[in-house]
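When reading the values below, keep in mind they use all heavy atoms of this one structure, side chains included, and skip hydrogens, waters and symmetry mates.
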Amino acid sequence: MASKVPRVVFNNGNSIPALGLGTWNSPPGKVAQAVKDAIDIGYRHIDCALVYENEHEVGDGIATKIQDGTIKREDVFVTSKLWNTFHRPDLVEAGLKASLKNLKLDYLDLYLIHWPVAYKEGDELFPMRPDGKTYIFSDVDYVDTWKAMEKLADSGLTKNIGVSNFNAKQVQRVLDVARIKPVCNQIENHPFLHQAKLAAFCTEKGLKITAYSPLGSPARPWVKKDDVVLLQDPKLKAIAEKHGKQPAQVLIRYQIQQGHVVIPKSVTKARIASNIDVFDFKLDDGDLEQLATLECNGRINPESGAHGHPHHPFENEE
């Protein structure tokens, strides 16, 4: 199964499997088994983050599969992300090492600045203002954080570095100071939110796109009863029926055909298997046109607690 997944080549010549297992919002107690199932099924790419607070479970799953001989460390591509409270340059290495400890690994394959916004440094991941709605900010500039990220790559603690949730202006600011170019920008991406301009910009600048929430994240914690569910869209369902596939498989295939890396999340073994079974069909031009018509600027992860931050990526896009 592993050989079915093509690899996407970064601007530094390294490569990443085009499809991986996402772990955001995965229920506690189920993540280790999901990772073990995914590796057995053929996944060789796991996407993590310190702030998900489940990296220790991911580490347990990977360790089990290394110990039983299913994989070697170098067979699996592991991504993690620097949380917003670790942006200060002297804290960046500690942020990465916290993830390495949880994951029981000596190095990462990819480390991303999770968001361009910095929060107050300290033990709280979400330092909250008295209003209970917005976080306490730090004035660290992510271009200074980037210089510390480069040192992590120099040291071998991570093989690649990149960004996540950065808008085009912010990507450019990093490129303007970069000694080591970011290899990717991980962003929310699905037919309700194509981010076509940002994706085209990143491609032009040599950054690959990794698509998170490619299925529209129907189980997100803040979902409302009347929110439109991408997986139930009639156009999407019709395309799936035409190809004898599930709507989720069409959405994953859609990202791959755009040249994106895609990281659907599940802890259900049958869905994990279904999500990787996307290499025996191809969406045609008509399918792609239909999916393009679903664009509605339907962002599901607005990072609303960071509103008012000078580096909020969605408030100051233009």
Side-chain angles (χ1 to χ4, degrees), residues 1-8 16-27 30-31 33-47 76-77 79 184 186-196 199 208-220 223 227-296 298 300-301:
M1 179 71 80
S3 62
K4 280 190 178 183
V5 180
R7 295 182 77 93
V8 169
I16 181 173
L19 193 152
L21 179 74
T23 60
W24 173 64
N25 200 33
S26 290
K30 296 188 176 181
V31 182
Q33 188 59 51
V35 169
K36 289 187 279 187
D37 289 340
I39 289 171
D40 285 340
I41 288 163
Y43 285 71
R44 294 295 180 266
H45 170 191
I46 314 291
D47 184 87
V76 63
F77 191 105
T79 299
C184 73
Q186 184 178 128
I187 58 174
E188 181 183 337
N189 203 284
H190 46 76
F192 284 172
L193 185 75
H194 285 90
Q195 305 214 72
K208 296 299 182 184
I209 294 295
T210 297
Y212 75 74
S213 297
L215 312 182
S217 197
R220 60 192 180 276
V223 69
D227 282 349
V228 179
V229 179
L230 174 59
L231 286 165
Q232 294 175 3
D233 182 86
K235 289 181 182 176
L236 172 63
K237 284 180 157 182
I239 294 168
E241 196 171 316
K242 167 180 154 183
H243 290 282
K245 288 289 182 179
Q246 298 296 317
Q249 292 171 312
V250 170
L251 292 173
I252 293 164
R253 180 73 204 177
Y254 186 49
Q255 295 295 337
I256 289 167
Q257 283 189 217
Q258 293 179 85
H260 298 170
V261 179
V262 59
I263 46 171
K265 182 232 38 165
S266 181
V267 294
T268 307
K269 188 172 184 179
R271 285 202 197 116
I272 292 169
S274 174
N275 287 348
I276 202 174
D277 186 20
V278 294
F279 299 102
D280 59 352
F281 78 108
K282 190 173 181 183
L283 301 172
D284 61 36
D285 290 345
D287 300 331
L288 299 176
E289 287 167 15
Q290 284 288 298
L291 291 169
T293 66
L294 300 182
E295 172 64 57
C296 59
I300 57 174
N301 192 4

- Query: Any chance NZ of K30 has more than 12 other-residue heavy atoms, nucleotides or ligands included, within less than 6.0 Å?
  - Reply: no

- Message: So for atom CD, which belongs to E241, do other residues, nucleotides or ligands contribute more than 12 heavy atoms lying within a distance under 6.0 Å?
- Response: no

- Item | Gap separating the CG atom of L21 from the OG atom of S266, nearest 0.5 angstrom | 8.0 Å

- So does D280 pair up with K245, basic N to acidic O under 4.0 Å? yes

- Query: Roughly how far apart are L231 CG and H190 NE2, rounded to 0.5 Å?
  - Reply: 10.5 Å

- Query: So, do Q257 and K282 sit near enough that their side-chain heavy atoms are less than 4.5 Å apart?
  - Reply: yes

- Message: I want to check something: taking the side chain as every heavy atom from C-beta on, are L251 and P191 in contact at a cut-off of under 4.5 Å?
- Response: yes

- Looking at D227 and R220, does any basic side-chain N land under 4.0 Å from a carboxylate oxygen? yes

- Heavy-atom check, side chain of D47 versus side chain of W24, under 4.5 Å: no

- Message: One thing to verify: whether D287 and R253 come together as a salt bridge, which I'm taking to mean a side-chain N less than 4.0 angstrom from a carboxylate O.
- Response: no

- Residues I300, S213; criterion side-chain contact (heavy atoms from CB on, under 4.5 Å); working and verdict: CA-CA 9 Å; I300 57 174; S213 297; 3.8 Å; yes

- Note on the structure: Taking every heavy atom of G20 against every heavy atom of P264, the minimum-distance pair comes out as O-CD, 3.4 Å

- Task: Look up atom CD1 in I263 and atom CD in Q186, then write down how far apart they are to the nearest 0.5 Å.
- Result: 3.5 Å

- Under the side-chain contact (heavy atoms from CB on, under 4.5 Å) criterion, do K235 and L291 qualify, and how do the steps go? CA-CA 7 Å; K235 289 181 182 176; L291 291 169; over 6 Å; no

- Message: Assess the residue pair V250 and L283 against the criterion (side-chain contact (heavy atoms from CB on, under 4.5 Å)); give the C-alpha distance rounded to whole Å, side-chain angles, the decisive distance to 0.1 Å, and a yes or no.
- Response: CA-CA 8 Å; V250 170; L283 301 172; 3.9 Å; yes

- In terms of side-chain heavy atoms, does N275 have a donor or acceptor partner in Q249 at a distance below 3.5 Å? no

- Query: If we only count heavy atoms from C-beta on, is the V228 to D233 side-chain gap below 4.5 Å?
  - Reply: no

- Query: Taking side chain as C-beta onward, heavy atoms only, is S217 less than 4.5 Å from N301?
  - Reply: no

- Item | V8 to A18 - nearest heavy-atom pair and separation | CG2-CB, 3.9 Å

- Item | side chain to side chain donor-acceptor pair (under 3.5 Å) evaluation trace for K265 with T23 | CA-CA 6 Å; K265 182 232 38 165; T23 60; over 6 Å; no

- Are side-chain heavy atoms of H45 and V76 found at a separation under 4.5 Å? no

- Message: Can you tell me how far apart CZ (R271) and CG (D277) are? Round to the nearest 0.5 Å.
- Response: 15.5 Å

- Begin from the C-alpha positions of Q255 and I209 and carry the test side-chain contact (heavy atoms from CB on, under 4.5 Å) through to its verdict. CA-CA 9 Å; Q255 295 295 337; I209 294 295; 5.6 Å; no

- Indicate whether any N or O donor in one side chain lies under 3.5 Å from an N or O acceptor in the other, for H194 and Y254. yes

- Could you state the interatomic distance from SG (C296) to CG (L193), rounded to the nearest 0.5 Å? 8.0 Å

- Query: Taking C-beta and beyond as the side chain, do L19 and V261 meet within less than 4.5 Å on heavy atoms?
  - Reply: no

- Mind checking the CD-OH spacing from E188 to Y212? Nearest 0.5 Å is all I need. 5.0 Å

- Query: Should T210 and I187 count as side-chain neighbours, where that means a heavy-atom distance under 4.5 Å?
  - Reply: no

